[in-house]
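Residue indices begin at 1 and follow the sequence shown.
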Amino acid sequence: CGSQTLTETEAEIISQLVAINNEQRQSTKSSFTTQYGQNLEDELKSELGGEFEEAVVALITAPREYDAKSLRDALKGAGTDETTLIEILVTRSNDEIEEVKAIYEKEFDSTLEEDIQGDTSGYIRRLLVSEVNAG
């Protein structure tokens, strides 16, 4: 397990992003777009890579948007990541789940419930569908 040294730019990005809360990061994203006519996430992705890029993008993503993307990732691809589905759906309030469902449907042209029904079975399906509909 080797350690990697951060570049000066990476260290600066971290120090800037962790010094403010998520609401402030969302305001910063909006200000960046207004000031430079560019999407901050796209700009960071073009400059960064790998796990560092993933971490930075996670930091600048609104929490419910991040939940929706994480749920989609857990449902699509090879196998279903039931741990992620459970972790997100049982720890969010009904209002948060409603927000996630709306974002999910807008972003992925599919409902969260449909995707859960299609990718899970048995008790897990019943638990997750129940959580999705609790709101």
Side-chain angles (χ1 to χ4, degrees):
C1 197
S3 69
Q4 295 181 348
T5 305
L6 293 175
T7 68
E8 204 171 304
T9 302
E10 291 169 338
E12 181 64 21
I13 289 170
I14 291 171
S15 71
Q16 293 297 315
L17 291 178
V18 300
I20 58 178
N21 65 35
N22 193 278
E23 186 177 329
Q24 293 166 317
R25 287 191 289 269
Q26 299 314 305
S27 178
T28 299
K29 276 175 58 175
S30 180
S31 295
F32 185 90
T33 300
T34 301
Q35 190 167 3
Y36 299 105
Q38 305 281 339
N39 179 294
L40 179 59
E41 183 176 332
D42 292 342
E43 288 298 306
L44 289 168
K45 283 180 174 181
S46 76
E47 298 296 322
L48 306 174
E51 291 176 350
F52 184 72
E53 175 190 316
E54 289 177 31
V56 169
V57 169
L59 280 169
I60 64 169
T61 301
R64 301 300 73 87
E65 288 176 37
Y66 189 78
D67 286 347
K69 182 190 177 312
S70 296
L71 289 166
R72 177 65 171 205
D73 290 347
L75 288 162
K76 297 302 169 192
T80 300
D81 181 356
E82 293 170 349
T83 302
T84 296
L85 297 174
I86 293 166
E87 181 180 312
I88 292 172
L89 292 173
V90 302
T91 61
R92 303 303 184 259
S93 70
N94 290 346
D95 288 342
E96 290 170 334
I97 289 174
E98 288 302 316
E99 188 179 348
V100 169
K101 285 168 40 178
I103 292 167
Y104 189 97
E105 188 166 355
K106 180 179 176 224
E107 291 294 316
F108 306 115
D109 293 324
S110 176
T111 71
L112 181 56
E113 182 177 352
E114 289 168 347
D115 286 351
I116 287 171
Q117 296 240 11
D119 279 35
T120 60
S121 62
Y123 292 114
I124 293 291
R125 176 190 289 165
R126 290 198 309 209
L127 168 73
L128 295 172
V129 168
S130 166
E131 288 297 321
V132 166
N133 289 311

Next on the checklist: Testing the basics here: between Glu113 and Val129, what is the closest heavy-atom pair and its distance to 0.1 Å?
Outcome noted: OE2-CG1, 3.6 Å

Item to check | Contact summary for Phe108 and Ala68, nearest pair of heavy atoms | outcome: CE1-O, 3.8 Å

Next on the checklist: According to side chain to side chain donor-acceptor pair (under 3.5 Å), does anything in residues 75-87 pair up with another residue at least two apart or in another chain? List the pairs.
Outcome noted: Asp81-Thr84

Item to check | Derivation of the side chain to side chain contact (heavy atoms under 4.5 Å, CB included) call for Asp115 and Leu71 | outcome: CA-CA 10 Å; Asp115 286 351; Leu71 289 166; over 6 Å; no

Next on the checklist: Is a donor from one side chain sitting under 3.5 angstrom from an acceptor on the other, for Asn22 and Gln26?
Outcome noted: yes

Checklist entry - For the side-chain contact (heavy atoms from CB on, under 4.5 Å) test, which of Lys69, Arg92, Glu98 pairs with Arg64? => result Arg92

Next on the checklist: Applying side chain to side chain contact (heavy atoms under 4.5 Å, CB included) to Leu89 and Ile116, what does each step give before you reach the verdict?
Outcome noted: CA-CA 11 Å; Leu89 292 173; Ile116 287 171; 3.8 Å; yes

Checklist entry - Please walk me through it: do Ile124 and Ile86 pass side chain to side chain contact (heavy atoms under 4.5 Å, CB included)? => result CA-CA 9 Å; Ile124 293 291; Ile86 293 166; 3.9 Å; yes

Checklist entry - Would one find more than 12 heavy atoms of other residues, nucleotides or ligands at under 6.0 Å from atom NZ of Lys29? => result yes

Checklist entry - When you look at Leu59 and Ile13, which way does the side chain to side chain contact (heavy atoms under 4.5 Å, CB included) test go after all the steps? => result CA-CA 11 Å; Leu59 280 169; Ile13 289 170; over 6 Å; no

Checklist entry - Shortest non-hydrogen contact from Tyr104 to Leu75? => result OH-CD1, 3.6 Å

Checklist entry - Nearest 0.5 Å, what's the CZ-OG distance between Arg126 and Ser121? => result 11.0 Å

Next on the checklist: Can you give me the closest heavy-atom contact between Glu12 and Ser15, atom names plus distance?
Outcome noted: O-OG, 2.9 Å

Checklist entry - Between Arg125 (side chain) and Thr120 (backbone), is there a donor-acceptor pair under 3.5 Å? => result yes

Item to check | Exercise: identify the closest heavy-atom pair between Gln38 and Phe32 | outcome: O-CD2, 3.3 Å

Checklist entry - Which pairs with one or both residues in residues 45-57 pass side chain to side chain donor-acceptor pair (under 3.5 Å), sequence neighbours excluded? => result Glu41-Lys45

Next on the checklist: As a test of understanding, state which of Glu99, Lys106, Lys101 forms a side-chain contact (heavy atoms from CB on, under 4.5 Å) with Ile103.
Outcome noted: Glu99

